[in-house]
Amino acid sequence: MRQLGYQAVDHVVARWKGLEGDRPWQGASRADMEALLHLDAPEEGTDPGELMEEAVAQIFPYAGRIDHPRFLGFVPSSPGWPAVLADILISGHNCFQGTWLESAGPSQVELTVLEWFREWIGMPAGGGGVLTSGGSAANLLAVVTAREEAGWPRRPVVYVSDQGHSSLRRGARIAGFRPDEIRVLPTGADRKLQPGEVARALARDRDQGHTPVMVCANGGATNTGTVDPLGELAQLCREEGVWFHVDAAYGGFAVLTPEGRQVLEGLGQADSVTLDPHKWLFQSYECGCLMVRDPVKLESAFHISAEYLQDTALRDGQVNFGDRGIQLTRSFRALKVWLTVRTVGRQALEDAVGQGMTLARQAGARIQEEEELELLHPPALGVVCFRYRPGGGSRDEGALEELNARIQDRLLEAGDAMMSSTRLAGRYSLRFCILNHRTRWADLDHILDRVLAEGRALVAESEAS
Ligand SMILES: Cc1ncc(COP(=O)(O)O)c(C=O)c1O
């Protein structure tokens with residue numbers, strides 16, 4: 001057992017040490033993967049040491065290295081070593097963390113970690129929550145809790161921003177909201193929800209016999225990093241008696257820094273907040289979180305008694321985390337966060353998050369200096385949206401889109417960088433999401449050099465043909 005354990009650890013260490021010299025992404029066709037990896041379930045066993053070698057040689061190479069310093073697509077994740085070590089301990093101990101009866105110690109650690117988060121986001125004392133598989137699960141729990149709190153009205157409506165994450169709409173759909181009960185509100189030119197518009201939408205719906213149940217704002221929109229005016233929206237929702245949820249899955253841990261606390265002002269006034277420690281708190285998958293101002297509301301939404309669980313009845317302040325969400329069987333995710341924060345300390349986390357924001361600003365400054373690059377949105381919480389735009393001759397949006405998509409492909413093929421793209425008011429945008437503690441300015445500078453070089457080469461090729 002020890003020898004195989006060391007073998008697994010050695011592989012992870014070798015991967016981390018070799019990461020920078022490796023490509024940030026390697027894809028493959030289904031046919032190639034089928035040929036390489038499909039097999040019938042074996043009747044007989046094989047030496048696990050050999051199988052680990054096989055996995056390392058044949059499976060892991062065909063995956064995005066989302067912890068690579070030049071993997072800047074979507075929302076990357078770059079766990080620290082304490083989180084990985086905790087994963088070994090978690091699966092080796094396999095605690096059942098659905099009830100206090102079966103996991104008093106782990107449940108207390110989850111309460112402790114949630115208390116740290118509560119303080120960090122500025123939620124009043126008494127707030128709490130639950131760790132989840134990720135941000136999507138947390139958003140679903142928020143929608144269900146809001147509807148329960150509203151008393152299951154007949155014609156309920158949920159409001160999301162047009163910059164809101166898709167998991168909010170999916171959560172509402174799973175919770176039984178029909179498409180015409182999910183309002184996607186337009187944002188202003190700054191891509192933020194406008195409290196006046198939100199108020200008008202609530203009034204319009206009430207006039208038409210609907211019951212507004214919940215307003216969902218962004219605490220770091222996935223597209224651009226934008227934060228909605230949280231304080232104003234919190235006040236509006238309080239006055240309207242509507243649940244106020246902030247999806248801060250990716251951006252929430254910016255509160256560790258003074259700048260982030262300022263940008264996210266008002267976050268602690270929300271009724272619920274989604275956080276994703278597996279994004280900007282350097283945790284391995286899966287580790288999400290829903291924080292609520294009043295955990296009793298979470299328990300009212302999810303607790304269901306069962307005869308076979310009668311032994312798990314609670315005494316004096318104990319918590320059954322199985323009553324705070326959809327999972328009864330839950331793993332001890334809190335250990336990852338606990339081991340990380342205790343190993344490195346809060347200050348190191350602040351530094352790592354702050355570094356992402358500084359790098360985003362630096363990238364934004366260089367983009368603005370370069371005549372052939374266009375910043376499409378001011379850098380926010382580690383996200384930078386931009387495109388290549390050659391000087392001379394007018395180019396329509398279609399041509400710019402094709403050009404930038406080809407630049408992106410070329411950087412991917414060359415192994416320079418994994419970026420992803422998005423659309424801002426219909427315009428195609430390249431996008432950096434800089435959350436990785438391994439990313440340095442040299443990485444970003446190199447990628448911007450390569451964007452310029454490939455852009456120029458593509459323009460020259462099209463002019464020559
Ligand atoms: C703002 C936001 N909310 C929710 C999610 C979904 O989180 P998860 O992928 O952990 O389910 C994401 C993922 O990128 C996100 O950026």
Side-chain angles (χ1 to χ4, degrees), residues 64 66-67 71-79 83 117 121 129-144 158-175 182 184 187 191-193 214-228 230 233 244-255 260 263-264 267 270 272-291 325-327 330-331 333 336-337 353 356 360 377 380-385 418-424 431-436:
I66 55 173
D67 47 357
F71 187 108
L72 306 170
F74 310 106
V75 180
S77 171
S78 185
F117 290 174
I121 64 174
V130 63
L131 296 183
T132 61
S133 58
S136 302
N139 281 337
L140 168 63
L141 302 191
V143 175
V144 171
V158 165
Y159 301 81
V160 299
S161 139
D162 63 8
Q163 297 298 303
H165 192 264
S166 53
S167 59
L168 287 164
R169 278 175 285 140
R170 183 190 283 142
R173 192 201 291 176
I174 297 169
I182 304 170
V184 180
T187 47
R191 303 187 209 293
K192 296 181 184 180
L193 275 177
M214 174 189 211
V215 171
C216 304
N218 282 314
T222 314
N223 254 350
T224 57
T226 305
V227 176
D228 290 322
L230 303 181
L233 289 167
F244 181 48
H245 174 67
V246 181
D247 181 0
Y250 119 74
F253 289 107
V255 291
V263 173
L264 286 155
L267 182 62
S272 56
V273 175
T274 287
L275 297 171
D276 239 353
H278 67 203
K279 292 187 165 69
W280 223 354
L281 202 67
F282 316 109
Q283 301 304 301
S284 48
Y285 293 146
E286 299 170 348
C287 192
C289 176
L290 181 71
M291 294 299 299
I326 55 175
Q327 282 184 281
R330 306 171 67 247
S331 72
R333 296 185 180 103
K336 303 193 215 203
V337 180
V353 171
H377 190 82
L381 298 184
V383 174
V384 188
C385 291
M418 169 83 185
M419 295 182 281
S420 56
S421 65
T422 187
R423 275 179 200 287
L424 299 180
R431 176 178 164 281
F432 288 166
C433 185
I434 311 164
L435 308 188
N436 189 342

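Each ligand, and each atom within it, is numbered from 1 in the order the structure gives. Bear in mind that the values here come from a model prediction, so they are computed numbers and not experimental data.
Heavy-atom contacts from other residues, nucleotides or ligands closer than 6.0 Å to OH of Tyr285 number more than 12.
Contact annotation: the side chain of Val130 approaches that of Arg330 to within less than 4.5 Å [non-hydrogen atoms, C-beta and beyond].
Taking a heavy-atom cut-off of under 4.0 Å, ligand 1 is surrounded by Val75, Gly134, Gly135, Ser136, Asn139, His165, Ser167, Gly220, Thr222, Asp247, Ala249, Tyr250, Asp276, His278, Lys279.
Closest approach of Val227 and Leu381 over heavy atoms only: CG2-CD1, 3.7 Å.
Ser167 is linked by a side chain to side chain donor-acceptor pair (under 3.5 Å) to Asn139, His165, counting only residues two or more places apart in sequence or in another chain.
Looking at Ile174, Leu168, Thr132 one by one, the single match for side chain to side chain contact (heavy atoms under 4.5 Å, CB included) with Leu140 turns out to be Ile174.
Residues Thr274 and Asp247 have side chains that never bring a donor and an acceptor to within less than 3.5 angstrom of each other.
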